[in-house]
Each structure stands twice: as structure tokens, then as C-alpha cells.
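Take a look at the structure set out below.
Numbered from 1 within each chain, the chains take letters A, B, ... in sequence-line order. Quick caveat: nothing in here was measured; it's all calculated off a predicted structure.
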Amino acid sequence: MRLLPVVHDRETAFAYACHGCGRCCHHKAIHVGPYAVARLAEVLGTATTDVLDRYVDPETSTLRQTAGGACVFYDGGCSVHPGRPLSCRLYPLGWSAQADGSEVFLQLSGHPDSPGVTGTDGTVAGYLASQETAPYERASWRYAAVLQRLRAGVEADGPDPGDPPSVTDVDAALAEAGEPVPDDVEARVERHLALLHDWLDAAGAPRVERAPHQAGGTQGIGT
Amino acid sequence: MPDPGSPLSRRETLKKAAGALALGLGAPAALAADDDATALQHIKFEFYKRPDGPAEGYLEVPHELADKLTNRDGYIVIKRIKYVNGETGRSQDFQVRAR
């Protein structure tokens, strides 16, 4: 007997019909990176610093929960749906990506009482498109490049450039640098990434090779 | 370990920044595993023979070992089932049920 986890690629037949039961909004650890926080801030009309202070557990970088285990943004439905994090968009899939460009999509079993229906009349790629995951995927890929450089920098000698820009708080990093905070979230994140790479350059952290991301975009070497 | 209040070394600064970013990205957090909360995180893989059948087996490994099983520079985005360990108050597990 071979026991293998079934994994999907973008062309695998897959469909999911959500019926909004909200079970996947309870008792889940929903991680949020800098881009997800910026998108939440955009929807909430506030700063990323405020989102991090009010809605994110700093020890785990996950969204806070109510005493009943609901996501802090669950109010009979998602109150921040246009800015919901990537893991919520992917559900019931998970996405694992590697620096060499390889990736797999894992399928979670739903709650036994969930009315959500999985099917095969679509593809993983189609599902991702319907959930508008592409900008989140690209941001994950680009921040992963920053993470890879941070780790490479740990193992390499270099000058000490002092404190880095905030790696999690986009608006704080821009404010610390004396830069205006663009209204457009993509522009804000672009500047944040540039500040991080500038600091890594100053720290002598090696540039890293990463394959282009499969969702497309401008990602390349160390960007 | 620096004295309290002393500036962080370059290496410690890089490690701290990497740890903070890794958490949000769902990246392997080995470099951030300097405290009990992170060290308690586990990944549990369940294996199925049939889509509608029971789990045939599972593999539960700490993040540190999971890092060795996957590329260190990769990451995973997924909704995780959150368990609370009564003793520590913040242990998390991770279930992937493959169909």
C-alpha cells in the first residue's frame, strides 16, 4: 500500500462551491504577512500599524480571534472580504511554493458539517483566478525573496547598517524612512520592498536567485 | 545573547527580522525558533487511500524537522486548525488531509 498525499498543480481539475457557512472562519490560524496587512488596512481605511495593533497577534502573526474562536473579522460573514488574506482565498486549498519555482496545492478536508461542495468542473488555476489570488501570490513570492536574503545575510559577513525598516509594518517602514505613504496599496508595498532591499544591500546580504513566480509578474533575482 | 538593553548585533538583527517575516509568510521558522511558542508548532500530514475513506496514517513533525523535509526557502499558505495546549496556551497544529 502506497500512502501518498495527493497534491494538485494549476491544471488539476478542481472546483469548490462555498455556501458561506463560516465554519472555515472559526478556530483557524490565519497568517498575515505585510501585503495582507496592507490590503486589510485599505479595506478598513486605516494604517497598517493600526491593523497590526488591533487585529494581529504579534507572537504568531495570525489574525486575532473572538472568545468563541471566530476570526476577528467574522460577523456572520467576512467583514473585510475584498481584502481577505490569501489563505482565506485559497481555502480549501493550501499553497506551498519553493524558491526553485516548484509548487503544490494541498487540499484540506472541510468541516464534516460544511455544505461546501468540491468538484472537478474547473481547474485549480480557474479557482485561483476566481478568488483573485494573483497579487497575493506575487507579494508572497517577493517577500519570500526578502526572507531568503535575510537568511543569506545571517550566514555572510557584512557591515552593520543599524536597525532595519519594519519588515511587517509597511506604513511604519515608510514613515521611518521619511517617505510619503502612497494611497495605492501596490505602490506602498513596492516602496516597502525597495526599502528592505536597500537595507539588505547595506548589510551586505547576498542577492539570491529565485525562479519566476508561476502566477506571472516581474519577479526575478532578489526582487 | 546580548545583555538587556544592548544593541543587537548585525546577525541578531537579521535573524530577528527574518523570524518576524517568516511568521507572516508561513515560511519555515527555524531561525525564529528561539522561544517556546515557535518550538511547539507542529505540522501534521494525514494520508488517505480513498478520497472518502479514513486517514490511513499521519506524520506529525515539528517545524524544525519539517524544514528539513521541505526547501528552507519555501513557504506554505494554508488555513491551519488551531489547537490550544492547556499547559502552554499557544501550541498550534497543522493538518493537511490530502484527497
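- Contact between A:Gln65 and A:Lys28 at its shortest, heavy atoms only, is NE2-O, 2.7 Å.
- Exactly one residue among A:Leu52, A:Leu63, A:Val189 makes a side chain to side chain contact (heavy atoms under 4.5 Å, CB included) with A:Val37. That residue is A:Leu52.
- By the 30° and 60° cut-offs, the orientation of the rings of A:Tyr143 relative to A:His192 is tilted.
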CA sep, side-chain torsions, deciding dist, call: A:Leu90, A:Leu128, side-chain contact (heavy atoms from CB on, under 4.5 Å): CA-CA 7 Å; A:Leu90 289 168; A:Leu128 298 179; 3.5 Å; yes
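- Among residues 163-174 of chain A, the residues having any heavy atom closer than 4.5 Å to a heavy atom of chain B are, in sequence order, A:Pro164, A:Val167, A:Thr168.
- The neighbour count for A:Glu132 CD, taken as heavy atoms of other residues, nucleotides or ligands under 6.0 Å away, does not exceed 12.
- The greatest number of non-hydrogen atom pairs below 4.5 Å with chain B, out of A:Pro159, A:Pro34, A:Ala36, is found for A:Pro159.
- Applying the ring-ring contact (aromatic ring centres under 6.0 Å, His included) rule to pairs touching residues 50-71 of chain A yields A:Tyr55-A:Phe73, sequence neighbours excluded.
- Of all heavy-atom pairs spanning A:Thr48 and A:Ala38, the tightest one is CG2-CA, 3.6 Å.
- Your options are A:Gly33, A:Gly158, A:Pro58, and the one with the most heavy-atom pairs under 4.5 Å with chain B is A:Gly158.
- Contacts between A:Leu200 and chain B at a heavy-atom distance below 4.5 Å involve the side chain alone, from C-beta outward.
- For A:Pro85, no part lies under 4.5 angstrom from a heavy atom of chain B.
- For the pair A:Arg149 (side chain) and A:Pro206 (backbone), a donor-acceptor distance under 3.5 Å is present.
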